[in-house]
Amino acid sequence: MSSRRRPGAPCDFEEARPGLFIVHNPAIGPSLRGEGDREGDRFTLTSWRGEGLVARLRARSFTVLTLADQAAALPSLPAVNPPGAQMVHTLAANERISYFAADPLGWAPAPEAGPGAVFLCEGWVLRRRRSRGPFSYYQLLGGSFILRGEDAALSIGYAQVTLASAPQITATPADSGYLLPDLPLPAAHQRVLRRIAEHTPQGWVISPTGIPTASAILSRLGISLIADCRL
């Protein structure tokens, strides 16, 4: 069935937003009749039999990627060691250093060790900035700053904070659904989250129906999501 799939497409039928799918394989068209509205390569599911439709398509050898599938396929956290011995780092001129903290979850200024110096721990991932230049990311290993990409640094950071316990965040009621904290996320996790949520200066706004997918995305980073039931 995949022989007519659009070149480069990851599957035959891909959920881009809750209930909105991209048709990458025109051969799938007859199976969609009576299940929703189609405009070009976009299909909006209106039938209540959504899970049944996906099951039937897969039974006919079509490859389907729902939002739940995309969340489940996100990278798992790497194996890490807990942070080790503490050291004092003397800051260069206009240098600022943050480490990945558990509470609040995300980048936090390194603890001060006196004028022009900070405490750092062996194994920490660090975000450094000099003057107004861009951020760069490192891991402190053997007393040396080892360059890491941002996504790698975030994955290591989340893995380290989950060694003690799984971090919890709360989705609080907002005008149009729920508001999730604006956590720093690896690019792959952001990509899937943007399919169910809108990024705002206050955080991620998500509809109630998107909570299960958001929970699945965050669980790949070791985070438990709690939805405030007052909505």
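The figures here come from the full heavy-atom set of this structure, side chains too, leaving out hydrogens, waters and symmetry mates. For clarity, every value in this text was computed on a predicted model and none was experimentally measured.
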Within the 4.5 Å heavy-atom criterion, are V118 and P111 side-chain neighbours or not? no
Any side-chain to backbone donor/acceptor pair from E15 onto L67? Under 3.5 Å, distance only. yes
What distance do W124 atom CH2 and Q139 atom CD have between them, rounded to the nearest 0.5 Å? 12.5 Å
Basic-acidic side-chain contact under 4.0 Å: R6, D41: yes
Pair R129-S136, side-chain contact (heavy atoms from CB on, under 4.5 Å): steps then yes or no: CA-CA 6 Å; R129 189 175 190 178; S136 52; over 6 Å; no
Roughly how far apart are Q190 CD and L154 CG, rounded to 0.5 Å? 9.0 Å
Okay, side chain of T162, backbone of S165: is any donor-acceptor separation there less than 3.5 Å? no
Which pairs with one or both residues in residues 147-169 pass salt bridge (charged side-chain N to carboxylate O under 4.0 Å, His left out), sequence neighbours excluded? none
Do the side chains of R60 and S31 get nearer than 4.5 Å, heavy atoms only? yes
Are I206 and V192 connected, step by step, through hydrophobic side chains (Ile, Leu, Val, Met, Phe, Trp, Tyr) whose heavy atoms are closer than 4.5 Å? yes
Can you tell if the side chain of F43 reaches within under 4.5 Å of the side chain of D37, non-hydrogen atoms only? no
Give me the atom names and distance for the closest heavy-atom approach of P208 to G177. CD-CA, 4.2 Å
Nearest non-hydrogen partners of A214 and L193, listed with the distance: CB-CD1, 4.3 Å
State plainly whether one hydrophobic cluster holds both L185 and V80, where clusters connect Ile, Leu, Val, Met, Phe, Trp and Tyr through side-chain heavy atoms under 4.5 angstrom apart. yes
List in chain and number order the residues that pass salt bridge (charged side-chain N to carboxylate O under 4.0 Å, His left out) with R56, two or more places apart in sequence or in another chain; answer none if no residue qualifies. E35
Closest non-hydrogen atoms of P78 and A159, given as atom of the first, atom of the second and distance, are O-CB, 3.5 Å
Exercise: identify the closest heavy-atom pair between T46 and G36: OG1-CA, 3.1 Å
Quick one: do R5 and T63 satisfy side-chain contact (heavy atoms from CB on, under 4.5 Å)? Show the steps, please. CA-CA 10 Å; R5 185 187 302 173; T63 302; 3.3 Å; yes
Excluding sequence neighbours, so at least two apart, what forms side chain to side chain contact (heavy atoms under 4.5 Å, CB included) with T170? T172, I226, D228
Please tabulate, for the side chains in residues 91-102, all donor-acceptor contacts under 3.5 angstrom to protein atoms that are two or more places apart in sequence or on a different chain.
unit_1 : atom_1 : unit_2 : atom_2 : d
E95    : OE1    : H89    : NE2    : 3.4
E95    : OE1    : A92    : N      : 2.8
E95    : OE2    : R128   : NE     : 3.0
E95    : OE2    : R128   : NH2    : 2.5
R96    : NH2    : S131   : O      : 2.8

Is the Lys NZ or Arg CZ of R127 less than 6.0 Å from the centre of F135's six-membered ring, within 45° of the axis? yes
Hydrophobic cluster (4.5 angstrom, side-chain heavy atoms) - remaining members for L179: V205
Hey, what do you get for CG (L65) to CZ (F13), rounding to the nearest 0.5 Å? 11.0 Å
Would you say R17's side chain and R194's backbone share a donor-acceptor pair under 3.5 angstrom? yes
Measure the spacing between CG of L57 and CG of L53 and express it to the nearest 0.5 Å. 4.5 Å
Who pairs with H189 by ring-ring contact (aromatic ring centres under 6.0 Å, His included), at least two apart in sequence or on another chain? none
Students should find that the hydrophobic cluster of I146, defined by side-chain heavy atoms under 4.5 Å apart, otherwise consists of L141
Should M87 and F145 be counted in the same cluster of Ile, Leu, Val, Met, Phe, Trp and Tyr side chains packed under 4.5 Å apart? yes
Can you check whether I156 reaches Q160 side chain to side chain, under 4.5 Å on heavy atoms? yes
Test of understanding: clusters of I, L, V, M, F, W, Y form through side-chain heavy atoms closer than 4.5 Å, transitively. Do W107 and V161 belong to the same one? yes
Give the minimum heavy-atom separation between L77 and G222, together with the two atoms involved. CD1-N, 4.0 Å
Is there a side-chain contact (heavy atoms from CB on, under 4.5 Å) between Q70 and R191? Walk through the geometry before answering. CA-CA 10 Å; Q70 296 168 49; R191 179 184 60 80; 4.1 Å; yes
Hey, are the side chains of I196 and I217 touching, using non-hydrogen atoms and a 4.5 Å cut-off? yes
Distance-only, no hydrogens or angles: does the R220 side chain make a donor-acceptor pair with backbone N or O of L74 under 3.5 Å? yes
Side chains of Y158 and L183: does their closest heavy-atom pair fall under 4.5 Å? yes
Do you reckon V125 sits in the same ILVMFWY cluster as Y137, going by side-chain contacts under 4.5 Å, direct or chained? yes
Smallest heavy-atom separation, A171 atom then Y178 atom, equals O-CD2, 3.4 Å
Side chains of L105 and I223: closer than 4.5 Å at any heavy-atom pair? yes
Applied to residues 206-219, the side chain to side chain donor-acceptor pair (under 3.5 Å) test, sequence neighbours excluded, yields S207-T209
Sorted by chain and number, sequence neighbours left out, side chain to side chain contact (heavy atoms under 4.5 Å, CB included) with A216 holds for A71
Nearest-0.5 Å distance, CG of residue L225 to CD1 of residue I169: 5.0 Å
Side chain R38, main chain R42, donor-acceptor under 3.5 Å: no
Any D12 side-chain heavy atom under 4.5 Å of V64 side chain: no
Which residues pass the salt bridge (charged side-chain N to carboxylate O under 4.0 Å, His left out) test with R58, not counting sequence neighbours? D69
Rounded to the nearest 0.5 Å, the CG atom of L120 sits from the CG atom of L140 at a distance of 6.0 Å
Salt bridge (charged side-chain N to carboxylate O under 4.0 Å, His left out) with D182: which residues, sequence neighbours excluded? none
Output the rest of the hydrophobic cluster of F119: all Ile, Leu, Val, Met, Phe, Trp and Tyr residues reachable through side-chain heavy-atom contacts under 4.5 Å, sorted by chain and number. V88
